[in-house]
Amino acid sequence: MTTYDANGVTLERVREYVWEIPQDGDMRTPARVLASESLLDEISEDKTLEQLTNTTHLPGITDYAICMPDGHQGYGFPVGGVGAMDAENGCISPGAVGYDINCGVRMMTTNLTYDDVRGRERELVDSLFANVPSGLGGGGIVEAGIDTVDEILARGVDWALENGYAVQDDLRHCEDEGVREEADPAMISQKAKDRGKNQIGSLGSGNHFLEVQRVTDVFDDEVGAAFGLTADQIVVLIHCGSRGLGHQTCNDYLRKIEQHHQGLLAQLPDKELAAAPAGSQLAEEYYAAMNAAINFAWVNRQLIMHRTREVFERVFDRSWEDMEMDLLYDVAHNIAKRETHTVGADETERELYVHRKGATRAFPAGHPEVPAAYRDVGQPVIIPGSMGAGSYVLRGGAASMDLTFGSTAHGAGRLMSRTQAKNEYWGGDVQDELAADHQIYVKAQSGATVAEEAPGVYKDVDEVVRVSDALGIGDRVARTFPVCTIKG
DNA sequence: ATGTGC
């Protein structure tokens, strides 16, 4: 048997790109890493594998804990991790969702081509930067009171539709149609709402961005056509989450769960994995709060897209409908959801809390939750790369339900810490280099953020996507390359 | 990720 030794953790090769950490000691299941050897070399360098093994101690974890090819160390649970816990006898864990609840990406297509934008990148990037709030502070697109926040938390993109910030197709082309019905705004603290009320429609900081891109490759013509993607086309990618509201919510429930479920916590190898037993009051409350924060993040991305349409209207002097600025799809990559999956050798149906932290839902063709427009080809999956590397559109692959609870990777995945990145790079140099070498125009609130997000601090997104495609969990459809970017 | 810290 082929094995891989990563500082004391031995992985057994199940087959190409599938590695297993066998069940041992108090582990409830084995763990699996989906990666090529070169990605495994990178994944082995931080605490990812130790954290992944720790997650198999969580009650009700089913089949195995999974690390995606872009996995790296996170708070308790690896980023790029998938854990499916039994919804009756298992648990739900805020650390397995992530601090930025419903961090995610949406891609908007257009009928513009690269030639339409060439030479006007500066004008476009300046106008986007001036009109889309970014960075820490700076307010949001909608300044609202707590009543409005409550409505957004309860209704998601449906609120945006009613208030003129969305059209019906925007909802159809969003995971869960832009609303989690099980949301309860009463489960979100006043403090979280206060933090959120001035951030409705804002990018935030860190790896969040808005990028105008051009399609460089369409690998699958049939699926590309179904998604409305053609070579040289201009598209817009928006990557952000639930801002301070989601962060505060994660923090609030971590503290509550640590206090109320100390017995369970004592059984876990890492305090950061604090979990509420399925069926407990806190499990229900966290789930209702998380769903509300998910709705908030969807409205956030919707408002940014709405504002982007307005900016394009001014810059190109045409209506957004005329430029066919339609939402291709919006996918979350930091969520948990109650889903029914067929598990085990006896193929029983089980209700599970599927935690996807830095992992994207990737449902295959025919799945009832794939929007009608894409049902014959599979759910669109959007994988943002780093600033200099472009991004990918995939479609949910035929093997995803068997291998990964219907999931794939979410991005390139960090290679080094933010602090390390700031020692290696200087923001201004990174911007100059991107402009000189690739005609990519980056405008950011903070030079430090640019340094933290320099292309060199990320893994190779091509390799991440190659593994996803080879495993059949998310198949390559198209690749894009940046034209101009705004950041926090 | 984050008014970047019990």
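If you're wondering where the values come from, they're calculated on a predicted model, not measured in any experiment.
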For this session: Could you say whether Gly204(A) or Lys271(A) is positioned toward the 5' end of DNA chain B, judged by the nucleotide with the nearest heavy atom to each?
Result: Gly204(A)
For this session: Using whole Å, report how far CG of Asn102(A) lies from P of dT2(B).
Result: 13 Å
For this session: Quick one: pull up CG in Leu136(A) and CZ in Arg243(A) and give me the separation to the nearest 0.5 Å.
Result: 6.5 Å
For this session: Please work out if Lys191(A) contacts a base, only the sugar-phosphate, or nothing of the nucleic acid, heavy-atom cut-off 4.0 Å.
Result: base
Problem set entry | Rounded interatomic separation in angstrom, taking NE2 from His247(A) and C1' from dT4(B) | 7 Å
For this session: Return the value, rounded to whole Å, for the distance between atom CG of Leu136(A) and atom P of dG5(B).
Result: 11 Å
For this session: Could you check whether Ser242(A) gets within reach of a base, just the sugar-phosphate, or nothing at all, counting any heavy atom under 4.0 Å?
Result: nothing
Seminar exercise, completed: Arg255(A) CZ to dC6(B) C1', in whole Å, measures 9 Å
Exercise. Can you tell me if Asp252(A) and Ser189(A) form a side-chain donor-acceptor pair at under 3.5 Å?
Worked result: yes
For this session: Answer with base, sugar-phosphate or nothing: what part of the nucleic acid does Gly241(A) contact at a heavy-atom distance below 4.0 Å?
Result: nothing
Problem set entry | Rounded distance in Å - CD (Gln199(A)) to C1' (dT2(B)) | 9 Å
For this session: Apply the test side chain to side chain contact (heavy atoms under 4.5 Å, CB included) to residues Asn334(A) and Asn102(A): give CA-CA distance (whole Å), side-chain angles for both, the deciding distance (0.1 Å), then the verdict.
Result: CA-CA 5 Å; Asn334(A) 270 13; Asn102(A) 193 5; 5.9 Å; no
For this session: Can you tell me the distance, in whole Å, between the CG atom of Leu254(A) and the C1' atom of dC6(B)?
Result: 14 Å
Problem set entry | side chain to side chain contact (heavy atoms under 4.5 Å, CB included) between Asp70(A) and His410(A), worked out | CA-CA 7 Å; Asp70(A) 56 336; His410(A) 86 305; 2.6 Å; yes
Problem set entry | Rounded distance (Å) that lies between atom P of dC6(B) and atom CG of Asn251(A) | 8 Å
Seminar exercise, completed: To the nearest angstrom, the OH-C1' distance between Tyr75(A) and dT4(B) comes to 15 Å
For this session: Would you tell me if any nitrogen or oxygen in the side chain of Arg243(A) comes within less than 4.0 Å of OP1 or OP2 on dT2(B)?
Result: yes
